[in-house]
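Right, one structure below, let's go through it.
Every chain is numbered from 1 and lettered A, B, ... according to where its sequence line falls, protein lines coming before strand lines.
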Amino acid sequence: MPSYWLMKSDVEDYAIDGMARDKRTDWVGVRNYQARNFMRDLMKEGDLAFFYHSNAEPSGIAGVVKISSPAKPDLTQFDKKSKYYDEGATKENPRWMLREVEFVKKTKFVSIADLRDIPACKNMGVLQKGSRLSITPVTEGEWKAIQSLL
DNA sequence: GCCAACGTTGGC
DNA sequence: GCCAACGTTGGC
């Protein structure tokens, strides 16, 4: 049984067109423990995720990606020149883990306002007030309700 | 650009 | 272990 996810990307940093061009990418830069734990412990290879544009006008779902690797260290945590550098992380004991994701498709854009209009989606993490988690689980019911709009 | 909400840090 | 201060996120 696959699980489903929603993964936010700041649209100015990395949008669906970059994902489509790259085909695969390491999901670098997650620096929140709960989001890390989802990637490290709960994601499975083959799981599908919505690619979500945050800080966009408007924000919303722009595509689908597939989890395509086991959990592995996010190498940017060791890179002093990276904005994601973390001086508390060591190669022996990495703090931040990531997954590689594979481009599946660009979808019809589903804005956050559209999502709010879907009754089956009202409990989605991304819709909760003050939600800042960059990776959230999506239920099968939510996934299917959104699929039916694409 | 604003600002509410959040997670993290650090003094105690 | 508390909690105020701070920096960041992210919708608008």
Quiz item: Do the two ring centres, one from Trp27(A) and one from Phe51(A), sit under 6.0 Å apart?
Solution: yes
Practice problem: Please list, chain by chain and in numerical order, all residues satisfying side chain to side chain contact (heavy atoms under 4.5 Å, CB included) with Val28(A), sequence neighbours excluded. | Solution: Asp26(A), Asp74(A), Thr76(A), Tyr84(A), Leu98(A)
Quiz item: Less than 6.0 Å separating the ring centroids of Trp96(A) and Phe78(A)?
Solution: no
Quiz item: Does any pair with a residue in residues 103-116 of chain A pass salt bridge (charged side-chain N to carboxylate O under 4.0 Å, His left out), and if so which ones, sequence neighbours excluded?
Solution: Asp17(A)-Lys106(A)
Quiz item: Given that Arg95(A) and Gly130(A) both sit by DNA chain B, which one's nearest nucleotide is further toward the 5' end?
Solution: Gly130(A)
Listing, residues 142-150 of chain A side-chain donor-acceptor contacts under 3.5 Å, not counting sequence neighbours, or none:
{"unit_1": "Glu142(A)", "atom_1": "OE1", "unit_2": "Thr139(A)", "atom_2": "N", "d": "2.8"}
{"unit_1": "Glu142(A)", "atom_1": "OE1", "unit_2": "Thr139(A)", "atom_2": "OG1", "d": "3.3"}
{"unit_1": "Lys144(A)", "atom_1": "NZ", "unit_2": "Glu140(A)", "atom_2": "OE2", "d": "2.8"}
{"unit_1": "Ser148(A)", "atom_1": "OG", "unit_2": "Ala145(A)", "atom_2": "O", "d": "2.7"}

Exercise. Kindly write out the residues that satisfy salt bridge (Lys or Arg N to Asp or Glu O under 4.0 Å) with Lys81(A), not counting sequence neighbours, or none if the list is empty.
Key: none
Quiz item: Is it true that a side-chain atom of Arg99(A) and a backbone atom of Lys72(A) form a donor plus acceptor pair closer than 3.5 Å?
Solution: no
Self-check item: B/S/- contact track for nucleotides 1-6 of chain C, protein heavy atom under 4.0 Å
Solution: ------
Exercise. With Val64(A) as reference, evaluate Phe50(A), Phe103(A), Tyr4(A) under the side chain to side chain contact (heavy atoms under 4.5 Å, CB included) test and give the passing residue.
Key: Phe50(A)
Quiz item: What is the per-nucleotide protein-contact pattern of nucleotides 7-12 of chain C, from the 5' end, where B denotes a base atom under 4.0 Å from a protein heavy atom, S denotes such proximity for sugar-phosphate atoms only, and - denotes neither?
Solution: BBBBBS
Exercise. Please tell me which of Lys129(A) and Tyr33(A) maps to the more 5' nucleotide of DNA chain B, matching each residue to the nucleotide holding its nearest heavy atom.
Key: Lys129(A)
